[in-house]
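These numbers were taken from a predicted model, which means no experiment stands behind them.
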Amino acid sequence: RMNIDSMKKQLSRLEEEINKHDPIKLLERIYIKAMIQTKFVSSMEKCFSDSAIGAYPTLKSLTALRNERVSWQLLYTDDASTPVQMRRSVNMPIKIEGVPQELISMRHVDEVPVTVPSFYTETDGNYLRNTPGLYPDVLTPLQYKGSVSVITHLTQSVWFELDLRDRLPAGKYSIKVSLLDPEGNVRTEDILQLEILDALLPPQEMLLTQWFHCDCLANYYHVDAWSEEHWRIVENFAQRHQYAAHTHSHTSVGYAGWG
């Protein structure tokens, strides 16, 4: 009588054969290999999901001082010629080479609904759009264990921030960012040339003030006002303000209805 180990081996070989000829998996391999498009663009670009990836100029190089923070974006989409029967989404891990991984943070650029982007009678040629719709705005942590979900005919963006803090010597670096298929194979590859100049950014002397609404934090996170959890959240956001070079926070000492 066949033992359990032998049965498992036969089942495993059978599964491999099925997967090898599985039309869905075959289409997925073809889709990933032929259809995915990526490119680096400036952090100043506002990339809309319904726009063509070719509408944005490619970013090829950046310069930075030794203690500076630099940002850029990776656009990704699929080819506009994707056959109807292959329209789908696929999760692809991101691989970074050329600089230490711990110096780079990655976030997804999410879109938010905007109903009144402008008053139509007051627009000029400097508006990107003046119609209601989805606008790129919020930076959110990557989902899918650090992967990106490539969705057919949507142009999406990952925001990269390199925080040097004088942790790399001056010189030239090639930063390579790749998207991998589920098997770990490189399917797209983009290279950014970074030159770190041998100089330091001087201490900031400009005063920068932004509103800081403690009540909004309590409402958003559903915590009691001035509770220990509320103060923990306030402290986190205050530290982020400082990280973003804000020197002053403008806030109210009391709010109506808070007692």
Side-chain angles (χ1 to χ4, degrees), residues 23-62 70-99 101 104-114 117 127-162 174-194:
I24 295 178
K25 289 185 176 295
L26 179 61
L27 283 175
E28 182 178 90
R29 294 191 187 100
I30 296 174
Y31 170 84
I32 294 175
K33 185 174 183 180
M35 305 300 176
I36 306 302
Q37 294 183 344
T38 58
K39 70 187 305 184
F40 286 141
V41 300
S42 167
S43 59
M44 301 299 292
E45 295 287 353
K46 298 288 187 182
C47 305
F48 294 85
S49 60
D50 61 351
S51 58
I53 193 171
Y56 303 98
T58 302
L59 178 69
K60 297 182 179 180
S61 62
L62 283 173
V70 290
S71 301
W72 70 95
Q73 299 178 81
L74 175 73
L75 300 190
Y76 60 96
T77 186
D78 70 356
D79 193 291
S81 61
T82 305
V84 173
Q85 64 271 24
M86 291 176 59
R87 293 179 181 174
R88 51 164 303 163
S89 66
V90 61
N91 295 337
M92 304 185 72
I94 298 176
K95 181 180 179 181
I96 302 175
E97 300 174 86
V99 293
Q101 176 80 50
I104 293 184
S105 64
M106 299 183 294
R107 287 168 289 177
H108 189 265
V109 183
D110 283 353
E111 292 180 309
V112 297
V114 176
Y127 281 78
L128 296 176
R129 296 184 178 187
N130 58 13
T131 55
L134 295 176
Y135 284 66
D137 183 68
V138 180
L139 300 180
T140 60
L142 292 182
Q143 300 181 14
Y144 313 110
K145 297 180 179 180
S147 301
V148 294
S149 181
V150 184
I151 303 175
T152 303
H153 293 185
L154 283 184
T155 299
Q156 301 183 78
S157 173
V158 174
W159 183 280
F160 290 84
E161 182 178 272
L162 174 61
S174 293
I175 302 176
K176 181 165 65 176
V177 175
S178 307
L179 294 188
L180 311 180
D181 64 19
E183 286 77 34
N185 303 308
V186 175
R187 291 309 184 190
T188 70
E189 188 177 279
D190 295 270
I191 297 178
L192 180 71
Q193 301 298 333
L194 172 68

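What you find for Val150 and Asp78 is that their closest heavy atoms are CG1-N, 4.3 Å. The two residues Ser61 and Leu192 have their closest heavy-atom pair at N-CD1, 3.6 Å. Closest approach of Leu59 to Ser42, counting heavy atoms only: CB-N, 3.9 Å. In terms of heavy-atom proximity, Val41 sits nearest to Pro57 at CG1-O, 3.5 Å.
Distance check: Ser149 OG to Asn91 CG gives 4.5 Å after rounding to the nearest 0.5 Å. Note: Gln156 CD to Gln73 CD = 12.5 Å, rounded to the nearest 0.5 Å. The distance from atom CG of Leu142 to atom OG of Ser105, rounded to the nearest 0.5 Å, is 9.5 Å. Note that CD1 of Ile53 is 8.5 Å distant from SG of Cys47, once rounded to the nearest 0.5 Å. The distance from the NE2 atom of His108 to the CE atom of Met106 is 12.0 Å, given to the nearest 0.5 Å. In this structure, the separation between CG on Leu134 and CG on Asp110 is 10.5 Å, given to the nearest 0.5 Å.
By the 4.5 Å heavy-atom criterion applied to side chains, Ile175 and Phe160 are not counted as neighbours. Two residues are said to be in side-chain contact when any heavy atoms from C-beta on lie closer than 4.5 Å; Thr155 and Ser49 fail this criterion.
In this structure a side-chain-to-backbone donor-acceptor pair under 3.5 Å is missing from Glu111 to Tyr135. Lys39 places a side-chain N or O within donor-acceptor distance of the main-chain N or O of Tyr56, the cut-off being under 3.5 Å.
Below 30°, between 30° and 60°, or above 60°: for Trp72 and Phe40 the angle between ring planes is above 60°, a perpendicular geometry.
Evaluation of the side chain to side chain contact (heavy atoms under 4.5 Å, CB included) rule for Thr38 yields Ile36, Leu74, Tyr76, Leu179, Thr188, Asp190 as partners, not counting sequence neighbours. Scanning for side chain to side chain contact (heavy atoms under 4.5 Å, CB included) contacts around Ile191 gives Ser174, Lys176, Glu189, Gln193, with sequence neighbours left out.
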